[in-house]
Amino acid sequence: MVFGFGRKAKNDELAEPAEELTVAEGEESPAAAGRRQDGPFDESEINSRDGFVDLGALLVTPSEGLQLRLEVEEATQRVVAVTLDLNGSSLQLQAFAAPKTETLWDEIREQIGQSVGAQGGQVEEIEGAFGTELVAKLPAGLPDGSQGYRVARFIGVDGPRWFLRGVLGGPAALERPAAEPLEALFRQVVVVRGDSPMPPRDLLQLRLPKDASATPPPAAPTLEEPERGPEITQIG
C-alpha cells in the first residue's frame, strides 16, 4: 500500500449549513438498519481497530494493490480527503459531522446537481448498491482538441451523527464490474465520529498514519475538485 499527498482545490458544495431533515426519536429507517448490517460502519459497531489503516476519522481496510492518497488543503495544510486508487479507478472519501436526528444525502445530491449544472454539466440519479446515487458529467477537452466530459459517480451514506461521501472516478464511475472492488472497500470503512460537538457538515479530521511515509509517490494523480472524476469520455 502506498501513501501520497494530493492537492485540494476550492471548498466544495458542503460548505454551507444544511436544513434539518428529521427522523422520529427512537425510530430506525430500513436504510439505517441495512447500513448497520452491511456497512459502512460506526466505530461503536466494531470490536477492534486491528487490521485497519487508521486515518483518524476513517478506518480503511488494506487491499492488495491499493494506494491511499491524502489530499491536503494548500492554505491550511489540513488533510481534507483520502482517495483510494485501485485497478485504474479511484474512490475519494470524506466524512462530515451530522446531528443525531438529521440526514444529509438527499439535500447534498441536490446541491451537487446545482453545482454541476452551473458548470455546464449534467447529473442523473440512479439506484445503486447504496441507494440513490448521482452520476455527474462535466464538459472537458480531450487531448486531440475534441470535446468530451469528465464523469464522477457520487455515493452517500448517513450514519449516527456523521455522513460519509464517496466519489468514484475512472472506469468505476461508469462500469459496475470495475466499481465492485471499491464499493466493497467503501462498505468496510469505519467512521470515527468522536464525542465532541461539531457544527453540521464540518469535516471530520483525517491524518496520516503514524507508520506511513510522508513522501509522495513519483506519479501519484490528483483530483482537482471532489466533484470531478478523472475519466474523460468522448462525445459523438
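- Val157 is connected to Leu204 through a chain of hydrophobic side-chain contacts under 4.5 Å among Ile, Leu, Val, Met, Phe, Trp and Tyr, so both are in one cluster.
- In this structure a side-chain-to-backbone donor-acceptor pair under 3.5 Å is missing from Arg161 to Ala98.
- Taking the side chain as every heavy atom from C-beta outward, Ser115 and Gln119 approach each other to under 4.5 Å.
- With hydrogens and angles ignored, the 3.5 Å screen pairs a side-chain donor or acceptor of Gln94 with a backbone N or O of Val80.
- With salt bridges taken as basic N to acidic carboxylate O contacts below 4.0 Å, none links Glu175 and Arg153.
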Could you tabulate the donor-acceptor pairs under 3.5 Å formed by side-chain atoms of residues 121-129, not counting sequence neighbours?
from: Glu125; atom 1: OE2; to: Arg109; atom 2: NE; distance (Å): 3.0
from: Glu127; atom 1: OE2; to: Thr132; atom 2: OG1; distance (Å): 2.8

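- Between Asn87 and Pro181 the shortest side-chain heavy-atom distance falls below 4.5 Å.
- No path of Ile, Leu, Val, Met, Phe, Trp and Tyr side chains, each step under 4.5 Å between heavy atoms, connects Val190 with Leu66, placing them in separate hydrophobic clusters.
- Of all the heavy atoms in Ala172 and Leu182, the pair that sits closest is CB-CD1, 4.2 Å.
- In this structure, the side chain of Glu45 engages the main chain of Asp42 through a donor-acceptor pair within 3.5 Å.
- A cation-pi geometry, defined here as NZ or CZ lying under 6.0 Å from the six-membered ring centre and within 45° of its normal, holds between Arg187 and Phe130.
- Note that CG of Leu93 and CG of Leu206 are 8.5 Å apart. Values are rounded to the nearest 0.5 Å.
- Checking side-chain atoms of Glu110 against main-chain N and O of Asp106 turns up no donor-acceptor pair under 3.5 Å.
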Glu71 vs Val82, side-chain contact (heavy atoms from CB on, under 4.5 Å): CA-CA, chis, key distance, verdict: CA-CA 6 Å; Glu71 301 186 27; Val82 57; over 6 Å; no

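- Atom CG in Leu185 sits 12.5 Å away from atom CD in Glu180 (nearest 0.5 Å).
- Hydrophobic clustering keeps Val192 apart from Leu208 (ILVMFWY residues linked when any side-chain heavy atoms are closer than 4.5 Å, directly or through intermediates).
- Residue Ser63 holds its OG atom at 8.0 Å from CD of Gln188, rounded to the nearest 0.5 Å.
- The two residues Pro40 and Phe186 make their nearest non-hydrogen contact at CB-O, 3.5 Å.
- Of all heavy-atom pairs spanning Leu58 and Ala95, the tightest one is CD2-CB, 3.9 Å.
- In terms of heavy atoms, Ser146 sits closest to Asp144 at OG-OD1, 2.6 Å.
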For Phe52 and Thr61, run side-chain contact (heavy atoms from CB on, under 4.5 Å): C-alpha distance rounded to whole Å, both residues' side-chain angles, the deciding distance at 0.1 Å, then the answer. CA-CA 5 Å; Phe52 291 99; Thr61 303; 3.6 Å; yes

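- Between Trp162 and Phe96, a ring centre-to-centre spacing not shorter than 6.0 Å is recorded.
- Follow the hydrophobic side-chain contacts under 4.5 Å out from Val79 and you never reach Leu59; the two are in separate clusters.
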side-chain contact (heavy atoms from CB on, under 4.5 Å) between Glu133 and Phe154: does it pass, once the steps are laid out? CA-CA 6 Å; Glu133 303 174 354; Phe154 290 79; over 6 Å; no

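- What you find for Ala152 and Ala173 is that their closest heavy atoms are CA-CB, 4.2 Å.
- Leu164 is connected to Ile155 through a chain of hydrophobic side-chain contacts under 4.5 Å among Ile, Leu, Val, Met, Phe, Trp and Tyr, so both are in one cluster.
- The two residues Leu86 and Glu64 come nearest to each other via the heavy atoms CD1-O, 3.6 Å.
- In summary, of the residues considered (Leu68, Val60, Leu55), a side chain to side chain contact (heavy atoms under 4.5 Å, CB included) with Pro209 occurs for Leu55 alone.
- Considering CZ of Arg201 and CZ of Phe163, their distance stands at 8.5 Å, rounded to 0.5 Å.
- Interatomic distance, Gln77 CD to Glu73 CD, rounded to the nearest 0.5 Å: 9.0 Å.
- Atom CD of Gln147 and atom CG of Leu142 lie 7.5 Å apart (nearest 0.5 Å).
- With Thr83 contributing its side chain and Gln92 its backbone, the two residues share no donor-acceptor pair below 3.5 Å.
- Classification of Asp54 and Arg207 as a salt-bridged pair holds, one side-chain N sitting under 4.0 Å from a carboxylate O.
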